[in-house]
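Heads up, the thing below is written out as structure tokens.
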2 protein chains.
Amino acid sequence: MRKLVVIGGSDAGISAALRAKELAPATEVTVVVADRYPNFSICGLPFYLSGEVPDWHTLAHRTARDIENEGVRLALDHLATSIDPVRKTVSVTSPGAEGQKLPYDRLIVATGARSIRPNIEGIELPAVFFLRWMDEAFAIEKFIREREPRSAVIVGAGYIGMEMADALAYRGLNVTVVEFLDSVLTTVDKEFGQRIEASLKAHGVKVNTGTTITGILQAGKELVVKGSSGFSTSADMVLVAVGAKPRTDLVGSAGIETGCKGAIKVDRTMATNVSDIYAAGDCVETWHRLLKQNTYLPLGTTAHKQGRVAGENAAGGNRKFQGSLGTQAVKILNLVVARTGLRDCEAIAAGLDPVTVEFEAWDHKAYYPGAQKLLIRLTGARGSGRLLGAQMLGHWQSEVSKRIDVFGAAIYNDMSIDDLNDLDLSYTPPLSSPWDPVQMSAQAWRRRVPGECESD
Amino acid sequence: MRKLVVIGGSDAGISAALRAKELAPATEVTVVVADRYPNFSICGLPFYLSGEVPDWHTLAHRTARDIENEGVRLALDHLATSIDPVRKTVSVTSPGAEGQKLPYDRLIVATGARSIRPNIEGIELPAVFFLRWMDEAFAIEKFIREREPRSAVIVGAGYIGMEMADALAYRGLNVTVVEFLDSVLTTVDKEFGQRIEASLKAHGVKVNTGTTITGILQAGKELVVKGSSGFSTSADMVLVAVGAKPRTDLVGSAGIETGCKGAIKVDRTMATNVSDIYAAGDCVETWHRLLKQNTYLPLGTTAHKQGRVAGENAAGGNRKFQGSLGTQAVKILNLVVARTGLRDCEAIAAGLDPVTVEFEAWDHKAYYPGAQKLLIRLTGARGSGRLLGAQMLGHWQSEVSKRIDVFGAAIYNDMSIDDLNDLDLSYTPPLSSPWDPVQMSAQAWRRRVPGECESD
């Protein structure tokens with residue numbers, strides 16, 4: 001391979017480019033980047049907007065210079081407009097320049113996702129914002145700095161909605177969250193959503209669940225946000241954060257097949273149906289390791305992994321993406337919520353017979369100062385005791401996210417709930433217990449679901 | 001089984017008793033406890049002696065009443081003096097009572113370990129202390145309270161020595177640590193030991209490595225501690241913490257075989273060579289999952305696991321102890337040091353060809369406030385890339401101990417270094433990076449040890 005072109009300069013694209021260059025240094029690797037911000041940590045945008053990250057430049061995983069020092073060419077402010085899979089070229093445009101065609105031997109599509117724009121009256125008003133890309137963050141920052149809004153409505157209580165509720169409250173705004181579903185953060189069970197909602201309310205954030213937004217009206221300098229059941233509130237700004245969908249404008253021109261939620265179909269080598277075209281990141285379907293089927297699960301961790309696999313295979317490797325467990329963590333105020341694997345509802349939809357047991361434990365021996373309660377919701381298969389998933393909620397310094405990773409590593413390796421007791425986990429009184437809470441939750445699950453404890 | 005007798009009321013003994021009672025509720029379970037403190041968290045004693053745990057009662061994992069409420073009988077202040085494996089009785093004595101013989105159908109020996117008393121002149125002086133059991137802690141606490149010592153010498157820089165250096169410095173004493181080997185905490189590599197030593201010194205603790213204590217002399221109210229190379233210092237008290245050895249006084253009477261470092265030989269069901277006698281905890285040999293042989297590795301986590309297995313099997317089960325990886329963590333001042341699996345020296349001794357690579361990473365995205373550096377020393381097999389071990393050092397709120405557990409779960413499941421990249425680990429900028437430091441260290445290892453990246 002002489003020429004590799006990567007379309008997209010975020011997590012998946014840059015991972016792919018760097019991995020290919022590392023394994024095949026002679027390859028000419030070009031990354032087409034739609035804006036001026038390659039390899040930015042867009043997961044960090046809420047912390048920029050909260051003011052905790054004063055300089056947005058620090059959000060870069062790597063600077064443009066770092067990437068170019070690895071021998072990867074960056075075509076910044078270049079928009080890919082079509083792919084010709086027969087002649088093997090990508091058409092690109094850039095401001096103030098002629099359109100050009102970039103030839104490739106292999107191509108990686110890593111165009112990411114865009115925010116879903118719901119069909120609501122007033123969604124195009126100037127004080128209504130979305131948040132996924134740097135430019136959107138700059139627009140919000142500029143608005144806050146120049147217009148000094150005192151209140152905000154956040155539509156959607158997913159990860160971005162929750163982080164932005166925290167961020168804007170931290171910045172001193174009066175925040176109202178409006179969520180269509182009946183609890184916040186519905187990526188975890190309602191029992192946890194209710195605790196997050198209570199924590200938000202205790203910090204002065206208003207939360208309205210079960211409320212559908214019907215329209216946004218300009219009323220002088222203010223916006224009036226109207227919703228179902230007579231909901232109406234005024235605010236200086238609105239953030240709409242109701243999810244993301246794959247950005248796949250290019251695939252039609254190339255004949256690339258799409259599937260689940262419009263995401264690009266890929267096999268486990270990250271190859272599309274079109275010869276010499278790979279794809280990775282938030283624009284593709286993701287193999288779920290437990291479900292053993294493709295899903296749409298756009299996450300930064302997955303984008304990095306898929307990009308690395310795509311880059312390795314484009315460079316002549318033969319690596320397979322080993323699948324996602326949907327592992328994720330989010331910090332909201334002083335809480336961290338994390339999950340891996342399947343919840344009851346997802347396991348049932350997959351034809352399994354799950355049991356979820358909630359267990360409360362101290363994050364470390366209670367006699368040592370600063371102990372905090374952790375909540376674990378552990379999901380296993382009723383008959384086999386197979387470990388299916390775990391959710392955890394606790395203080396943000398209670399090692400919640402890496403405890404979830406112990407569950408994640410166990411699920412990755414097809415361990416059972418009983419097997420968790422055999423893991424040799426570390427203990428010192430300031431940080432854990434002789435049975436880590438991970439293992440205590442397994443014992444609690446087994447007390448609720450009696451069965452044979454197998455051993456090899 | 002009608003009667004189960006357990007000798008020993010610490011981690012292994014109580015775990016065994018409770019597990020047996022849970023699985024065979026009709027069994028009469030008696031635990032012979034040498035002191036009045038069943039099921040105390042002896043790992044917490046340094047924090048009691050530092051003053052951070054004001055009430056020693058809170059060190060109990062469970063109270064005597066909790067245990068008795070589960071139907072387990074506690075014979076407190078009862079010392080087992082011999083075992084008759086033919087008549088199946090245990091002879092016990094207790095203060096102010098006739099000696100008696102307790103009949104058993106099955107017996108579990110969980111007598112723990114005792115501090116090694118090195119052959120040093122003056123070791124029996126009244127201001128020279130050891131620390132393993134509650135009574136020893138009470139003696140130290142009483143001495144500090146009544147005599148108000150201003151200085152202490154700690155002989156031995158292992159876990160207890162390090163925790164007690166932290167504890168006594170926290171309590172305001174001038175602390176001098178003396179270690180025979182050439183760095184502190186030699187359970188981890190010298191590179192980490194040196195950082196711990198630097199941290200201790202920065203907190204005012206004097207550290208003398210490579211120094212052998214030759215004698216302790218009483219000089220008025222003070223002790224003078226003398227050592228090799230002209231070492232001499234005075235102090236108001238001395239703590240000798242040079243390791244532990246199995247407490248196996250009883251085994252001779254029963255014909256129970258011992259092995260490695262005098263510990264009781266057990267198979268993986270925790271059965272001894274004598275019919276119907278099991279053993280568990282700090283008095284037994286421990287199966288090492290990687291070395292596939294028995295070692296002496298007395299740890300609270302292992303004691304709990306072995307006790308649970310012994311209790312389950314004594315109750316008619318058929319469970320195997322799945323082995324230790326030597327996973328351990330310790331907090332020293334603001335640092336946590338943790339390890340799992342093998343270090344270079346241990347891998348070489350086992351006939352392997354290990355490579356250890358040190359890697360430094362931020363514990364979370366550096367742009368988010370409070371980021372701290374982590375150091376990871378990752379050990380893998382040169383040819384196969386098999387994951388052999390990991391050591392980590394970092395700030396005590398950097399999730400060091402649960403990150404080590406991710407490595408521990410990976411080693412448990414025979415993963416390779418490259419496989420670590422496939423784990424779906426959680427990420428949010430305040431707590432990690434899209435590639436967790438665990439995975440970044442795997443990538444750094446592979447850059448240093450080029451080889452095929454295998455994939456299935």
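- The two residues B:C43 and A:Y367 come nearest to each other via the heavy atoms C-OH, 4.1 Å.
- A:S432 has its side chain within reach of B:K402: a pair of non-hydrogen atoms, C-beta onward, lies under 4.5 Å apart.
- For the atom pair B:L431 CG and A:Q397 CD, the distance stands at 9.0 Å (nearest 0.5 Å).
- Each of A:D55, A:V53, A:L299, A:D11 has some count of heavy-atom pairs under 4.5 Å with chain B, and the biggest count is that of A:V53.
- Distance alone, capped at 3.5 Å, places no donor-acceptor pair between the B:D424 side chain and the A:G408 backbone.
- Across A:A409 and B:A409, no two heavy atoms sit closer than the pair CB-CB, 3.8 Å.
- Using a 4.0 Å cut-off between charged side-chain N and carboxylate O, B:D422 and A:R308 make no salt bridge.
- In this structure, no portion of B:H57 lies under 4.5 Å from any heavy atom of chain A.
- With rounding to the nearest 0.5 angstrom, the OG1 atom of B:T302 is 12.5 Å from the OH atom of A:Y427.
- The one candidate from A:R403, A:H364, A:E399 that meets the side chain to side chain contact (heavy atoms under 4.5 Å, CB included) condition with B:S401 is A:E399.
- Considering CG of B:N413 and OH of A:Y412, their distance stands at 10.5 Å, rounded to 0.5 Å.
- At least one side-chain heavy atom of B:F47 sits less than 4.5 Å from a side-chain heavy atom of A:P430.
- Here A:S324 is the residue among A:G300, A:S324, A:A338 with the most heavy-atom pairs under 4.5 Å with chain B.
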Run the numbers on A:T327 and B:L425 for side chain to side chain contact (heavy atoms under 4.5 Å, CB included), then give the verdict. CA-CA 6 Å; A:T327 311; B:L425 305 181; 5.6 Å; no
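- For A:E163 against B:T428, the heavy-atom pair with the smallest separation is OE2-OG1, 3.7 Å.
- Taking the side chain as every heavy atom from C-beta outward, A:L423 and B:Q322 never approach each other to under 4.5 Å.
- Of the two parts of A:V309, neither the backbone nor the side chain holds a non-hydrogen atom closer than 4.5 Å to a non-hydrogen atom of chain B.
- Atom OH of B:Y368 and atom CG of A:L59 lie 13.0 Å apart (nearest 0.5 Å).
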A:K305 vs B:Q439, test: side chain to side chain contact (heavy atoms under 4.5 Å, CB included). Steps then yes/no. CA-CA 11 Å; A:K305 286 187 185 70; B:Q439 297 171 315; 4.0 Å; yes
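- Of the atoms belonging to B:K331, heavy atoms from both backbone and side chain fall under 4.5 Å from chain A.
- Interface summary for chain A: among B:Q328, B:E22, B:H61, B:R447, the most heavy-atom pairs under 4.5 angstrom belong to B:H61.
- Heavy-atom distances place the side chain of A:D436, and not its backbone, under 4.5 Å from chain B.
- Proximity of a side-chain donor or acceptor of A:D405 to a complementary backbone N or O of B:S426 within less than 3.5 Å is detected.
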